[in-house]
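Contents: one structure, followed by commentary.
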There are 2 protein chains.
Amino acid sequence: MIRNDEEPVGLGALDRVTWALRRAELAVQSLKEQQLRPLGMAAAHYTLLMSVHDESGLTGAELARRLNVTPQAIASLVARLEGRGQLERREHSRHRHIQELHLTDAGREALHAADAVIAGIERQVTDGLGAEDSAQLRALLDRVVKTIRED
Amino acid sequence: MIRNDEEPVGLGALDRVTWALRRAELAVQSLKEQQLRPLGMAAAHYTLLMSVHDESGLTGAELARRLNVTPQAIASLVARLEGRGQLERREHSRHRHIQELHLTDAGREALHAADAVIAGIERQVTDGLGAEDSAQLRALLDRVVKTIRED
DNA sequence: AGGCATAAGTCAAACACTTGATAGTCGTGA
DNA sequence: TCACGACTATCAAGTGTTTGACTTATGCCT
């Protein structure tokens with residue numbers, strides 16, 4: 001009853017879990033971007049290449065759904081990566097105007113180099129936290145997603 | 001012969017802690033954006049107003065550093081919020097061309113309304129996780145930031 | 001005092017992403 | 001068979017952000 005619902009703004013607003021989440025994600029993402037830059041690859045490019053590598057033959061629309069962006073954003077990225085020869089668009093066997101996305105050898109090579117950087121950051125985090133806490137953090141984060149989605 | 005030592009690409013790359021972190025942050029941020037939209041306020045606006053409220057008289061450049069964006073992005077936001085009468089720029093006492101940022105009464109009111117929404121999402125997350133796990137999650141996230149920064 | 005380094009703010013161009021609208025292609029069912 | 005619906009891809013316009021270069025103001029140092 002003595003909750004300070006009277007003055008919700010200002011007290012502890014910066015100590016919230018969702019703020020800590022944002023700060024942590026920003027820190028990690030900034031570091032990734034910074035270390036990926038010398039390789040001439042943005043984090044978004046890495047994410048896309050990794051997704052295609054994980055499941056070859058994905059369509060742009062399917063990719064858009066997985067990465068939570070619009071199909072146009074995907075098209076723009078794909079055009080750029082295709083121009084670099086890291087990605088290729090093939091015609092779907094049945095649906096003629098649908099395009100399957102596949103990595104080229106150059107794309108696999110670039111992804112490999114980029115993933116070494118990302119894996120290094122991942123290791124830096126997991127080493128800093130320890131194996132047990134890392135697993136727990138991942139579990140907690142998955143529960144957050146679940147909590148948000150099932151509202 | 002040595003094809004892919006340990007095959008770093010492709011195995012478990014999507015199970016990484018930093019991916020879980022990104023997914024969780026994306027989910028939370030999307031929900032915030034979605035619920036803030038009816039109030040005519042973007043998440044970035046809320047973040048800026050809250051920062052200024054937390055420490056009144058901040059400069060644009062200082063704000064840019066805290067929020068991990070460029071000064072131009074701040075200037076754009078500030079111009080918009082100033083146009084709405086939620087924020088005002090005052091001349092710094094010593095440095096003439098430096099501008100201190102302060103909330104107006106309308107700004108405080110808008111922030112109050114927006115914070116009710118954000119607090120609701122925060123409650124949704126903490127209720128879903130429980131008090132103990134919420135505290136632990138926050139502690140783990142802070143350790144992640146610390147690990148990244150002290151590289 | 002003069003000169004230089006530091007820092008804040010702003011302008012212009014490029015890039016990325018979103019929203020809204022349009023066209024092409026396939027499967028289904030009347 | 002053929003029209004309807006669902007899905008994919010793409011174009012156009014608008015918004016927001018970054019990068020790079022420039023201007024202005026302050027403080028320190030010789």
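These numbers come from a predicted model, not from an experiment. First the proteins, then the strands, lettered A, B, ... as listed; each starts at 1. Side-chain atoms are counted along with the backbone in the values below, which use heavy atoms only and exclude waters and symmetry mates.
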Would you indicate which nucleotide in [options] comes nearest to any side-chain atom of [X]?
X: A/Ile98; options: C/dG9, D/dT8, C/dT18; answer: D/dT8
X: A/Ala61; options: C/dC26, D/dA9, D/dT18; answer: D/dA9
X: B/Ser76; options: C/dT18, D/dT17, C/dT10; answer: D/dT17
X: B/Ala75; options: C/dC17, C/dT10, D/dT8; answer: C/dT10

Within this structure, what is the [atom1]-to-[atom2] distance between [X] and [N], rounded to whole angstrom?
X: A/Glu33; N: D/dT17; atom1: CD; atom2: P; result: 15 Å
X: A/Leu63; N: D/dT8; atom1: CG; atom2: C1'; result: 13 Å
X: B/Glu100; N: D/dA25; atom1: CD; atom2: P; result: 18 Å
X: A/His92; N: C/dG24; atom1: NE2; atom2: C1'; result: 16 Å
X: B/Glu91; N: C/dG9; atom1: CD; atom2: C1'; result: 13 Å
X: B/Ile74; N: D/dT19; atom1: CD1; atom2: P; result: 14 Å
X: A/Met41; N: C/dA16; atom1: CE; atom2: P; result: 14 Å
X: B/Arg65; N: D/dT18; atom1: CZ; atom2: P; result: 15 Å

Below 4.0 angstrom from OP1 or OP2 of [N], is there any side-chain N or O of [X]?
X: A/Arg37; N: D/dT18; value: no
X: B/Arg80; N: D/dG16; value: yes
X: B/Thr70; N: D/dT17; value: no
X: B/Arg89; N: C/dA8; value: no

ask   = For A/Glu91, does the CD atom have more than 12 heavy-atom neighbours from other residues, nucleotides or ligands under 6.0 Å away?
value =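 Count over threshold, so yes.
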ask   = Around A/Arg84, counting heavy atoms of other residues, nucleotides and ligands shown, do more than 12 lie under 6.0 Å from its CZ?
value =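 Result for CZ/A/Arg84: enclosed.
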inquiry  = Whether the side chain of A/His97 and the base of D/dT8 hold a donor-acceptor pair under 3.5 Å is what I'd like checked.
reply    =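 It does, because a donor-acceptor pair links the side chain of A/His97 to the base of D/dT8 below 3.5 Å.
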message = If you go through the side-chain atoms of B/Gln72, does one of them form a donor-acceptor pair with the base of C/dT10 closer than 3.5 Å?
response =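 A donor-acceptor contact between them is present.
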message = For a quick test of reading the model, state the closest non-hydrogen atom pair linking A/Arg138 to B/Ala20 and the distance between them.
response =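 Taking A/Arg138 first and B/Ala20 second, the nearest heavy atoms are CG-CB, 4.0 Å.
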inquiry  = Distance alone, cut at 3.5 Å: any donor-acceptor contact between the side chains of B/Thr18 and A/Glu122?
reply    =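 Yes, a side-chain donor-acceptor pair sits under 3.5 Å.
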key: Side-chain touch B/His102/B/Leu87, heavy atoms, less than 4.5 angstrom   =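 With C-beta onward as the side chain, the pair stays apart.
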request  = Select from B/Asn68 and A/Gln99 the residue whose nearest nucleotide in DNA chain D is closer to the 5' end of that strand.
outcome  =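 So the residue in question is A/Gln99.
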inquiry  = Assuming nearest nucleotide by heavy-atom distance, tell me which of A/Pro71 and B/Ala44 is located more 5' along DNA chain D.
reply    =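 So the residue in question is A/Pro71.
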key: Sidechain N-carboxylate O distance under 4.0 Å for B/Glu100, B/Arg89   =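 No, this pair does not count.
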request  = For A/Arg96 and for A/Leu77, find the nucleotide of DNA chain C with the closest heavy atom, then tell me which residue's nucleotide is more 5'.
outcome  =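 The residue closer to the strand's 5' end, by nearest nucleotide, is A/Leu77.
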